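One structure below.
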Amino acid sequence: MSETSRAGLLIGGAVLFVILWEIRSALGVLFRIDTNIAVYTVVTFVVILCTLVALDRGLIGFGSKEQ
Amino acid sequence: MSSAIESGEPTFLDRFPQEAKVVRSALWSSFIALTLGALFGIIQTLHRTDVLRVFSSGNYYTILTAHGVLMVVSFTIFFLVGIYTWAVVRSLDRPVEDIRYTWTWYGLMVLGTLMALVAILGGFIDAVDISADVLFTFYAPLQAHPLFYGGLAIFLIGTWLAGADWFRSWYAWKQENPGERIPLQTFMVLITMLMWYIASIGITIAVVIFLLPWSLGIIDQVNPLLTRTLFWFWGHPVVYFWLMPAYLLWYTVLPKVSGGRLFSDPLARVVFVLFLLLSTPVGIHHQYLDPGIADGFKFIALTNTMFLLLPSLLTAFTVVASMEHGARQRGGTGLLGWLRALPWANPAFTGMALAGLMFAAGGFSGMINAGLNINYLVHNTLWVPGHFHLTVGTAVALTFMAATYWLWPQLTNKPIFSRPIALAQVILWFVGMALMSNAMHVAGLIGIPRRTAEPQYDGFDFIPTFGSIAELDLQLVVGGTLLTLSAILFVSNLVLSISLPKVSGLGQPLPPALSGPDDAPKVLDNLKLWTAIALVLVILAYTLPLASIVDRGGLFGPGGTPYPTMVEFGSTLLEIYTPLTTDCISGWLQ
């Protein structure tokens with residue numbers, strides 16, 4: 001677990017954002033599910049933030065130095 | 001900052017100071033074009049979405065032409081000649097044969113660019129009778145000032161001479177090293193240039209024989225379909241001319257920055273040979289909706305295009321395998337756990353890895369474009385710019401920027417001003433492009449057209465399957481703004497690096513491949529053989545369509561009939577068979 005870096009988490013967060021955004025398009029184009037853009041955006045950022053905080057604390061730990 | 005990248009090795013600048021100067025000049029030319037191209041990019045994004053209109057819609061094609069030409073001709077090809085000069089000199093470990101000759105082709109490319117740019121920018125000034133509002137796809141019937149075509153011709157000659165320079169270096173090296181395999185980077189450069197020479201045949205004929213004389217008033221008219229077909233003869237392989245330097249960087253630099261070695265040198269050679277063979281006989285897939293080209297020829301182009309997926313898939317395998325090797329060398333373990341051990345804090349690595357990821361998405365949308373029937377859904381819609389902003393706009397551009405972070409210190413003996421800013425820059429490009437191209441793809445699916453300042457019609461509303469047009473426009477603007485910010489950060493970071501003091505020992509030698517050139521069949525290095533096969537494939541793919549276009553529309557116009565050839569062919573068949581069928585039925589009835 002020690003090889004995880006905060007830079008890696010940042011990139012992972014960016015990739016997760018893109019994936020979640022593409023899922024909105026896929027839902028809309030394929031299934032005509034019209035998600036509210038404001039709600040979807042807020043939820044997307046909350047999900048990413050929670051994921052990053054959880055991974056940061058779980059994989060890197062409190063007070064560890066940036067690699 | 002510099003301690004992180006100091007290796008103690010001499011740099012390219014230490015070893016080849018004259019060549020380093022040429023490479024730096026070519027890269028600066030590339031980055032100036034990127035800056036100007038980005039400026040025109042954000043202007044058109046804000047204009048099209050009606051957020052901010054600096055120019056009238058009448059100037060939209062001038063802006064679009066400047067954006068297209070600066071980005072996909074100047075930015076990409078200046079970077080190519082810089083990186084290829086570095087690659088040849090580095091991998092052959094010898095200076096160029098004559099540095100004056102090298103500066104000559106670079107000078108010609110600069111001159112050609114300036115001529116074309118003056119012609120394009122002349123479109124903003126009504127008092128001047130110079131304009132080139134013809135877009136990057138500069139075929140007829142749109143006509144530019146002769147200065148534009150002349151500039152392109154000189155630029156093209158510059159690239160040919162650059163290729164000759166690299167072939168000359170290789171030939172001299174070969175005389176001193178008989179029987180040795182061509183070093184991988186030089187092999188990639190030579191194959192790229194062979195492809196380029198073949199591809200250039202189309203555009204040379206189009207410009208020299210038709211467009212330039214037409215623009216000068218020497219001939220009255222041209223056959224638009226012929227100039228379109230000759231353009232796309234070159235226009236698709238030019239995509240690979242942009243991509244192949246990115247491939248060179250993915251194959252030879254990315255494994256190094258991952259902490260490992262290239263997985264397979266022979267596979268890399270196979271991939272480049274396949275690009276030489278398959279890049280050119282596919283251009284007609286850009287003309288699926290063009291009347292006057294029979295569907296059979298389009299089907300051949302479709303088939304060849306699908307074969308082009310093979311080298312891309314081989315690359316995905318080889319590059320990811322090399323990255324995994326690097327991660328495991330760095331202590332990574334597990335089925336996917338090794339991903340965490342990759343050097344994500346290194347902007348050179350992260351930029352190239354994200355570029356590769358986006359290229360996969362671009363490949364999928366490219367398959368939609370290349371599909372004969374499904375292309376009808378997206379043809380000339382905003383989907384198409386969405387596609388090529390993933391390929392050339394990200395796979396190529398982001399790789400070039402990321403590789404610059406690795407190469408620049410070796411060309412200047414100065415570290416990059418800020419690696420955190422560099423990391424933020426590549427992430428911003430990735431997110432910005434994802435947002436912008438996503439909006440373009442979705443807009444294209446509902447039929448919103450490309451190449452227009454006013455993408456709306458009176459009495460007609462595009463109906464999105466989700467969200468609204470305003471949301472798509474907002475997404476375009478946010479994406480475009482992030483991309484502009486990213487481009488500014490990139491260029492600023494390099495400019496600020498100038499002020500840093502010189503440091504020694506910033507060289508980054510490239511390790512040999514895990515499976516080296518000796519594992520590759522020698523036939524792979526037979527450049528004459530692959531060139532001959534490539535020419536045969538081009539002749540097979542283009543002779544009949546071109547003959548048909550000239551036969552039906554004339555060499556100099558007035559052009560083909562405005563309906564698909566197959567319709568006429570079908571009508572002819574009906575004319576022949578209907579009386580026969582009627583006779584037969586009459587015979588049976590009697």
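Small disclaimer: the values here were computed from a predicted structure and weren't measured. Convention: sequence-line order gives letters A, B, ...; per-chain numbering from 1.
Nearest heavy-atom pair, A:Asp34 versus B:Gly467, reported as atom, atom and distance to 0.1 Å: OD1-N, 2.7 Å. Heavy atoms only, all atoms of each residue included: A:Val29 and B:Thr465 are closest at CA-OG1, 3.8 Å.
Of the atoms belonging to B:Leu435, it is side-chain heavy atoms, and not backbone ones, that fall under 4.5 Å from chain A. Residue A:Leu9 does not touch chain B at all, counting heavy-atom pairs closer than 4.5 Å. Contact annotation for B:Leu354: only side-chain heavy atoms (C-beta onward) come within less than 4.5 Å of a heavy atom of chain A. Neither the backbone nor the side chain of B:Leu474 comes within contact range of chain A, judged by heavy atoms closer than 4.5 Å.
Taking CD1 from A:Ile33 and CZ from B:Phe466, the interatomic distance works out to 11.0 Å, rounded to the nearest 0.5 Å. With rounding to the nearest 0.5 Å, the separation of CZ in A:Arg24 from CD in B:Glu471 is 5.0 Å. Note that the CG atom of A:Leu10 and the CH2 atom of B:Trp344 stand 11.0 Å from one another [nearest 0.5 Å].
For B:Tyr376, the OH atom is densely surrounded, since the number of other residues' heavy atoms within 6.0 Å is greater than 12.
By the 4.5 Å heavy-atom criterion applied to side chains, A:Leu59 and B:Arg340 are counted as neighbours.
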